[in-house]
Amino acid sequence: MTDATAAYETEVLPHLDVLYRVARRMTGNAADAEDLVQETLLKALRGWDGFRPGSNARAWLLTILRNAFINGYRRRKREPIAMDIDTADRHSILREVAESDPEGTFFTKLVDETVLKAVEALPEEFREALVLSDLEGMAYAEIAQVLDVPVGTVKSRLFRARRLLQRALHDHAVEQGYLKGEAAR
């Protein structure tokens, strides 16, 4: 194994889970998320000479992932929509995972279809910031680097995303017992 290969593996492999989770949120399904992560890893390997050792590998990889997603979205936008029978019930995979995975069980109880739809309905720039911050736990500076926007813009997008979710999920939170009665919106 060459030094470059070892360096690549050392820097990139610890971030595979984060890449997959973000790709899953962006694409909406496991197969596309896997393809997106694979494309990201290939682009990262090809551009490894441009990576500065000691810099933030996670942010670098997420930037590649985001750009690959955007470019793929633009390509698919011009193509006709193909229907796959496996995607007809997109939550069947979640049910399978929930049966064998305690974390999946917790996630499906707390974050149900209504919450997922509300997150998916957010404008893309708000959804991206929310996923990176609240689901991946990234710092504002890292998110700003990934999205190529100022930190203030990240804070603004997060504030707006959370406010939109709060409004969209108020009635659902009351129904689920998270809020009592008609709490202030």
Rounded to the nearest 0.5 Å, what separates atom CZ in R157 from atom CZ in R160?
9.5 Å
L42 with V22, same ILVMFWY side-chain cluster at under 4.5 Å
no
Check R66 with D148, please: is the shortest side-chain N to carboxylate O separation under 4.0 Å?
no
Donor-acceptor contact present, side-chain S133 to main-chain A129, <3.5 Å:
no
Can you measure from OG1 (T153) to CD (E125) and round to the nearest 0.5 angstrom?
10.0 Å
Would you indicate whether Q38, at its atom CD, is surrounded by more than 12 heavy atoms from other residues, nucleotides or ligands within a distance under 6.0 Å?
no
Could you tell me how the ring of F51 sits relative to the ring of W60: parallel (under 30°), tilted (30 to 60°) or perpendicular (over 60°)?
tilted
Could you walk me through whether R21 and D17 pass side-chain contact (heavy atoms from CB on, under 4.5 Å), step by step?
CA-CA 6 Å; R21 286 191 305 265; D17 288 343; 3.6 Å; yes
Dump the intermediate steps for side-chain contact (heavy atoms from CB on, under 4.5 Å) on R162 and Q166, then the final yes or no.
CA-CA 6 Å; R162 291 171 183 153; Q166 183 182 22; over 6 Å; no
Decide whether L13 and L61 are clustered together by the hydrophobic rule: side chain heavy atoms of Ile, Leu, Val, Met, Phe, Trp, Tyr closer than 4.5 Å, transitively.
yes
Compare all side-chain heavy atoms of K155 with those of F159 and state whether any distance is below 4.5 angstrom.
no
Please report the C-alpha distance between E142 and R58 in whole Å, then the side-chain angles of each, then the deciding distance to 0.1 Å, and finally whether the salt bridge (charged side-chain N to carboxylate O under 4.0 Å, His left out) criterion is met.
CA-CA 9 Å; E142 282 183 298; R58 180 171 69 166; 2.5 Å; yes
L165 side, atom CG; H172 side, atom NE2 - distance, nearest 0.5 Å:
11.5 Å
Is the backbone of V131 close enough, under 3.5 Å, to the side chain of R25 for a donor and an acceptor to pair up by distance?
no
Among L147, T40, L132, exactly one meets side chain to side chain contact (heavy atoms under 4.5 Å, CB included) together with L62. Which residue is that?
L132
As a quick check of understanding, evaluate side-chain contact (heavy atoms from CB on, under 4.5 Å) for W48 and V12, giving each step before the final call.
CA-CA 10 Å; W48 187 246; V12 171; 4.0 Å; yes
Would L16 end up clustered with M138 when hydrophobic side chains under 4.5 Å apart are linked, directly or stepwise?
yes
Working to the nearest 0.5 angstrom, can you tell me the gap between L158 CG and F126 CZ?
10.0 Å
pair Q145-V151: side-chain heavy atoms closer than 4.5 Å
no
Test side-chain contact (heavy atoms from CB on, under 4.5 Å) on L41 and L19; report intermediate values, then the result.
CA-CA 9 Å; L41 295 176; L19 290 173; 4.1 Å; yes
Rounded to the nearest 0.5 Å, how far does CG of L122 lie from CG of L130?
6.5 Å
Rounded to the nearest 0.5 Å, how far does CE of M26 lie from CG of D32?
13.0 Å
